[in-house]
Amino acid sequence: MVVDKVPAAASLQIGLLLIAYYINAMQNNQSQIPVKPQRRVSGTLYTPAEIHEIFRRFSVQRPEPKGELEHVNTFTLLVAVMLSAQATDAGVNKATRALFAIADTPQKMVDLGEETVGDYIRTIGLWRNKAKNAILLSQALIDNFGGEVPGNRDALVTLPGVGRKTANVVLNMAFGQPTMAVDTHILRIGNRIGLAPYKTPDEIEAKLVKIIPAEFMMHAHHWLILHGRYVCKARTPDCINCVIADICKSAQKTNAIPAPLVRIED
């Protein structure tokens, strides 16, 4: 009995078909294995994977976000942040450019006096009280810290006009600490999108510090502030230009298609 040999090309084709068959069978079997969905993190509307993805996208948009308050050193940063309470960064910058040109140390600020400082910042809301605090703060730095801004929160909050938010901004921007400074933008976003739906800044800060992956904490508060300032705006969220529109859980969301994820040059 003579058995015809199978041509090499046909043999190769049969082998490839068998491989494809087995791969398909394995994929079908895997697809039948139930995948347990991630649970939401307690106190938020998001799973750990969703939270990671939110901040990953922010990091692609702005790898090195910068605060928008103008300053020339740590002292002027501290004063600028103190002055920014209930004021816009643009308004503070307009008032402080001339002030910081002549008073960039605690001693120079004290030498100017409260009245003169007030003349420079009178376009800022609550300027009288802020001028007073600028002098008291400067004197306290001279008396208690050798004219240097301390690099820890407990010391910073002892200064006149400096609360936890101001301290957190300074610690993050000047000392490179991964803090979460909760301003009006972050307070709004935390509640609007359900990332940290709490009433007080301290509660929101505690939740965000707990749920945001450590790899993103250094810039997290800047990303949230900038997102709130330019996209998730107070009156009307700009959902069309939101890179997390598909993840966002906000009841106010008007779009579920994320904007193109491209780097923003500030």
Side-chain angles (χ1 to χ4, degrees), residues 62 65-106 108-110 112-141 149 153 156-175 179-192 199-202 204-205 208 219-238 266:
R62 293 182 172 90
K66 304 296 182 184
E68 297 184 336
L69 285 173
E70 297 175 7
H71 57 284
V72 297
N73 54 30
T74 303
F75 167 69
T76 54
L77 171 64
L78 175 62
V79 173
V81 179
M82 182 270 292
L83 295 177
S84 71
Q86 300 182 45
T88 66
D89 287 359
V92 173
N93 290 339
K94 185 177 179 180
T96 57
R97 287 182 190 122
L99 174 64
F100 293 159
I102 61 171
D104 59 356
T105 69
K108 290 178 182 178
M109 192 71 72
V110 170
L112 279 184
E114 182 179 331
E115 184 176 348
T116 302
V117 171
D119 290 338
Y120 279 96
I121 66 169
R122 64 175 57 246
T123 56
I124 301 175
L126 306 175
W127 65 270
R128 288 185 177 85
N129 191 54
K130 291 177 179 179
K132 178 180 179 180
N133 280 334
I135 298 301
L136 293 175
L137 175 157
S138 299
Q139 190 63 58
L141 288 174
V149 177
R153 185 184 292 111
L156 283 168
V157 296
T158 65
L159 299 171
V162 177
R164 187 177 181 89
K165 187 206 81 171
T166 297
N168 280 340
V169 172
V170 173
L171 291 174
N172 181 267
M173 293 181 64
F175 296 97
T179 58
M180 176 55 62
V182 178
D183 71 345
T184 55
H185 294 298
I186 296 179
L187 185 69
R188 181 180 68 256
I189 289 176
N191 283 278
R192 175 183 282 169
K199 293 182 178 180
T200 69
D202 286 354
I204 292 174
E205 177 189 342
L208 291 176
H219 298 311
H221 96 270
H222 276 130
W223 287 325
L224 289 172
I225 288 171
L226 294 170
H227 188 66
R229 183 172 293 161
Y230 297 113
V231 180
C232 201
K233 303 173 187 177
R235 292 186 178 180
T236 307
D238 187 9
D266 293 321

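Sequence positions, counted from 1, serve as the residue numbers for this chain.
- For the side-chain hydrogen bond (donor to acceptor under 3.5 Å, both in side chains) test, residues two or more places apart in sequence or in another chain that qualify with T200 are E203.
- Listed by chain and residue number, nothing satisfies the ring pair (Phe, Tyr, Trp, His ring centres under 6.0 Å) test with H185 (two or more places apart in sequence, or in another chain).
- Residues passing the side-chain contact (heavy atoms from CB on, under 4.5 Å) test with T105 are Q107, K108, sequence neighbours excluded.
- When atom types are taken as modelled, the side chain of N93 and the backbone of L69 share no donor-acceptor pair closer than 3.5 angstrom.
- Partners of D238 under the side-chain hydrogen bond (donor to acceptor under 3.5 Å, both in side chains) rule, at least two apart in sequence or in another chain, are N241.
- In this structure, L77 CG and M82 CE are separated by 11.5 Å, a value rounded to the nearest 0.5 Å.
- A side chain to side chain donor-acceptor pair (under 3.5 Å) check over residues 70-79, counting only residues at least two apart or in different chains, returns the pairs E70-R97, N73-T76.
- Shown here are the ring pair (Phe, Tyr, Trp, His ring centres under 6.0 Å) partners of H219, two or more places apart in sequence or in another chain: W223.
- Listed by chain and number, the residues in a salt bridge (charged side-chain N to carboxylate O under 4.0 Å, His left out) with D89 are R229 (sequence neighbours excluded).
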Just list the side-chain donor-acceptor pairs under 3.5 Å for residues 127-136, sequence neighbours left out, or say none.
| residue | atom | partner | partner atom | Å |
| --- | --- | --- | --- | --- |
| K130 | NZ | L83 | O | 2.7 |
| K130 | NZ | A85 | O | 2.5 |
| K130 | NZ | G125 | O | 3.1 |

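- In this view, D119 and R122 satisfy the salt bridge (charged side-chain N to carboxylate O under 4.0 Å, His left out) rule, not counting sequence neighbours.
- In terms of the salt bridge (charged side-chain N to carboxylate O under 4.0 Å, His left out) criterion, residue partners of R164 (sequence neighbours excluded) are, by chain and number, E205.
- The side-chain contact (heavy atoms from CB on, under 4.5 Å) search around Y230 returns R62, E68, L226, not counting sequence neighbours.
- Scored by the side-chain contact (heavy atoms from CB on, under 4.5 Å) test, H227 finds F58, I189, V231, C232, C242, I244 as partners (sequence neighbours excluded).
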*Passes side chain to side chain contact (heavy atoms under 4.5 Å, CB included), L159 versus L78? Steps please.*
CA-CA 10 Å; L159 299 171; L78 175 62; 3.9 Å; yes

